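Bear in mind that the values here come from a model prediction, so they are computed numbers and not experimental data. In what follows, every chain begins at residue 1, and chains take the letters A, B, ... in the order their sequences are listed.
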Amino acid sequence: MSIKDILSPFSGWKKVFDEPVVVKDPVNDRPGAPRYRGFHRNDIATCIGCGTCETICENEAIDLVPVQGIETRDGDSGLRPRVDYGRCCWCALCVDVCTTGSLTLSNAYIWVDEDPGVYRFTPGVDDMPWQREEKGWKKPEGNYEFYSLKREPMEHLRPEERNDSFAEMVRGFSKEQAMREADRCVECGICVATCPAHMGIPEYIRAVRDDDMERGLKILYDTNPLPEICGRICTHKCETVCSIGHRGEPVSIRWLKRYIADQNPSEKYKQILETGVLDKNGKKVAIIGSGPAGLSAAHYLSLMGYECTIYEKLPKTGGMMRFGIPEYRLPYDQIDKDIDYILSLGVHIIYNTTVGKDITLDQLKRDYDAVFAATGLHQGRSTRIEGTDHRHVYQATDLLRKVTLGEEIHVGRRIVVIGGGNVAMDITRTLARLQRLKYGEVRIITTSLETEDAMPADSEEVVGSREEGATVIPGWAPRKIDIAEDEIKGLHVVQCLSLFDEKGAFNPQCNFDNHRFFEGDMIVESIGQGMDLVYLTEGIKEHLEMTPRGRIRVDDYFQSSIPWLFFGGDIIQGPDVIHGIANGHKAARGIDRFLSGTADKQQTT
Amino acid sequence: MIDPVQKIFRFQPDRSLYPETGADGKPVIRLDSGKFIKVWQGPNHPGVTGNMSLELTISGDEVVESKTHVGYLHRGFEKLFERRRYIQCFPTCIRMCVPEPDTNEYNLARGTEELAGIEVPETANWLRMLALEMARLQVLLRMVPGQAATMGLGLGAQWGMYFRELILDRFEELTGGRIYHMYILPGGVRGMMPDGFRERLGENLKKIDGFIKDIDKLIFHNAVFRKRTIGIGHIPADWVDHYGITGPVARAAGFKRDVRKDYPYLYYHQINFDYNIEHDSDVFARFLVRRKDLETTVDILRQIMAKMPEKGIIRAETPNVLHWRIPKGETYVRCESSRGEYGFYMVSDGSMYPRRINLRGPSYTHAVSVLERLLVNANISDISSIMVSLATCPPEIER
């Protein structure tokens, strides 16, 4: 120690003359950094109320609450996150995990109020000054994701492997692929509300992650007795609303369902689903049509103890699933796997029997306690343009049915298909295969009123058609079939400008100056299907209430104004497998309500 | 001739009278003799670091016996982890050490990555080093002058607070938070350096160079400080391994102990720095070590800034964090905090939730076992000084 140690500390005094370093007015002079994690903001128009923020919040500071003015709809729970600042720790994991990217934090950090209640607020709904602030924490850019936004690619047969055969195109997931795809799910459940059958989607995806295929199958059968079929050709409305799809690619829910069904061998179904022995209640139900709705109703009614008999017009089960969808999309053995299980529950089936012709509805009424009619849409609609009465103008549904039945069909050298839906693509790709087998080349033009972006067909179907050699030219309206010397020469079309008028009614507008001619010797129409209700006798029609649009009126349980008669499937809700399955399930509960005389009991099936 | 400064501080109290030593060599403490007083220092006391309490038995102004009491801050984090997903542990674990939360984030992230077999991108590792060294710097900026504050010289500590705020400003820019940065998460980090960050940090480091010179004059060349720290709180070398003393406290006793060098992690092997060693093992030596650490940290930060890539991937791809199952296994990960070896023992049972995360922090040994023994025969006015020199941190003791 020296004298320096006495004097040196006095050097501190020189700081007396320094400028003060404190911020005098922090409210105004000291904004948070551009990345600061301050109070929450939410873009409520983008937010879908998926609740992933609520799930990740380790402090349970976030609750999803209903908000006035935001309605629950497909893809939106109608709820919005409310933040409790008594619990929030400003970690911003809610922002980083947000599926839509709507939730952010502002850089505001000063908020003083005498009322403690205001510190629990709904960002974006309760107006706060920082809602309009640009700066603040946003999900970091770059390779920073809490879950993968990219789908696990599904392997398909290459076009040259598939274009001359009806072998199944989609290979299905391997275990590793399914695990990785299942991992992407955030279990928000937005899909469950949208799925017509309200399947337990997050639960069965979890079963895939847990590699518990038996549990997965049980969950599938809770709401859907046709998982092999749905796992292949479902219209997957669930994927359309999938929350991951807002910033990335939606989870491949359909393929995961198929994966679960594929993993379970059919001989173990009864053991897994515990349906070896079913108690019978002695009541009988007749079901008309063995399509998805009829089979679904038969399945759930059998589980409830009813004795079901299905009347089927055709020599095989499945309805449109078998006769409308080509084998390369839905192989027949997979249809059989699902349907054979349902039939093994004790469901009787009578083939080649048309109700209304071979047996009347009144007879059914006498022999059964209730009747469920799910006869579907099998009659093709015609464009009714000039020349459609020619013998080489066909309906897509007729051709598809004949192909399934193994009947010989006419295959032209140059074919024009009219239609932009999935059925049009099915017939295009079926005929392309047949042309390649017969002539060694494909010469098909498929045209639709809708432009490419508005075509109702799935885009992968359009792409697949093109890969297989067909030419898809959307946006043209058929005008006239050119016939010379009793042979079709082609189709005159004009450019279609719009489909719907201002009121939203179907009223196509065309530019008649823009004209094209598609050469062809065979025309196939695929512009939609209609129903055939000839089995309804006059006596029944008298008592049957119809809607103003000419459809049969049914209640929530698909019961018509004639109590013993239930309707469901495509004739009620339009062409869609999963709607049919959902209808069948609900109708089964309706029939049980009607026959057991109880209001909706808490039923597990 | 006696040094005039020594003369001023020549007074030595006669400490041989009390207490009497019993047959077993231990002091005989009989409270009813009137020669002893029980005093509680803490849990709320300006001379105690955080919320803990010392139950002191004093005789005159000398400590005869000291017992450390904790339990005022127990939040049960280690139990909470068992009910939280790994990603949810991340904002919770930082609270186990308030002054230096980044070491918690880093250990949790690294432990999770080790168990899950995740490779962290290079840029993210450099950013982790940056955050960890900035955290060390802000702790030392408060702690080094804070030692003098325990003896009433609060000026240096106030200066230090300002320079610490400068580093917190940089933290705010980089991480979005000032105290709880929540920056290092399993898989990587949460953001690249913003534009102009290097320059601003460089400016701050230059200012801190000047600050170190200032506190040299104010504190280290201060007769009172030296008088009250040299020879006080001496830790014999044989205590170090006996108690498991680590960090600056061990280095002040002449031990070459630094996790960054002994078990290099991140890219510390690419950084040029040395052990800061002292041999006297008293309060002064410990603070000399920390003062050197302060310089070393500034130097390391400059090296990091020079070597760090401009751009890169900040986070590795991980499974969905909402149901990330970590494979069954266990690991012990450690890093060098400003107080010493800071480690997490992590066990996974293969589920989405950690089976056990146990913290091994330096404060537990330093503040309980070592402090109780070190305070015996200390003057009550030195208690704070000794305690602060051990860098005790109650939130880390209790979790």
Residue-level contacts of residues 207-220 of chain B with chain A, using a heavy-atom cutoff under 4.5 Å: B:D214, B:K217, B:L218
Residues 147-163 of chain B: residues contacting chain A (heavy atom under 4.5 Å, by number):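 Expected list: B:L155, B:W159, B:Y162.
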Tell me whether [X] at atom [atom1] has more than 12 heavy atoms from other residues, nucleotides or ligands lying less than 6.0 Å away.
X      : atom1 : result
B:R198 : CZ    : yes
A:K135 : NZ    : no
B:E199 : CD    : yes
B:R83  : CZ    : no
B:D195 : CG    : no
A:E134 : CD    : no

Part of A:V22 lying under 4.5 Å from any heavy atom of chain B: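 When you check distances to chain B, no heavy atom of A:V22 falls under 4.5 Å.
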Contacting region of A:D96 [heavy-atom separation from chain B under 4.5 Å]: side chain
Residue, of [options], that accumulates the most heavy atom pairs under 4.5 Å with chain B:
options                      : result
A:K15, A:K14, A:E187         : A:K15
A:C185, A:S148, A:G136       : A:C185
A:K4, A:E145, A:R209, A:R184 : A:R209

From CA spacing to verdict: side chain to side chain contact (heavy atoms under 4.5 Å, CB included), A:R30, B:D169: CA-CA 11 Å; A:R30 183 58 176 77; B:D169 284 349; 3.0 Å; yes
Side chain to side chain contact (heavy atoms under 4.5 Å, CB included) between B:H221 and A:S11, worked out: CA-CA 11 Å; B:H221 292 292; A:S11 66; over 6 Å; no
Nearest-0.5 Å distance, [atom1] of residue [X] to [atom2] of residue [Y]:
X      : Y      : atom1 : atom2 : result
A:Y144 : B:L185 : OH    : CG    : 4.5 Å
B:N320 : A:R180 : CG    : CZ    : 14.5 Å
A:D210 : B:H323 : CG    : NE2   : 10.0 Å
B:R84  : A:N59  : CZ    : CG    : 6.5 Å
A:R37  : B:H181 : CZ    : NE2   : 8.5 Å
B:Q88  : A:C91  : CD    : SG    : 9.0 Å

A:W137 and B:R190: CA distance, side-chain angles, deciding distance, side chain to side chain contact (heavy atoms under 4.5 Å, CB included) verdict: CA-CA 11 Å; A:W137 181 267; B:R190 289 177 95 185; 3.7 Å; yes
Which atoms of [X] come close to chain A, meaning under 4.5 Å heavy atom to heavy atom: side chain ones, backbone ones, both, or neither?
X      : value
B:R325 : side chain
B:F90  : side chain
B:P194 : both

Residue selection (most heavy-atom pairs with chain A, distance under 4.5 Å) from B:G187, B:P319, B:G191: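 Between B:G187, B:P319, B:G191, the count favours B:P319.
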Largest heavy-atom contact set with chain A, pairs under 4.5 Å, which of B:L80, B:I87, B:T92: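 When all of B:L80, B:I87, B:T92 are compared, B:I87 has the most.
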B:E317/A:K150 ion pair, N-O < 4.0 Å: no
Heavy-atom closest contact (A:A33 atom, B:E172 atom, distance): N-OE2, 2.7 Å
Side-chain donor or acceptor of A:R35 paired with backbone N/O of B:L174 under 3.5 Å: yes
Validation row: B:R315, A:P140 side chains within 4.5 angstrom (heavy atoms): no
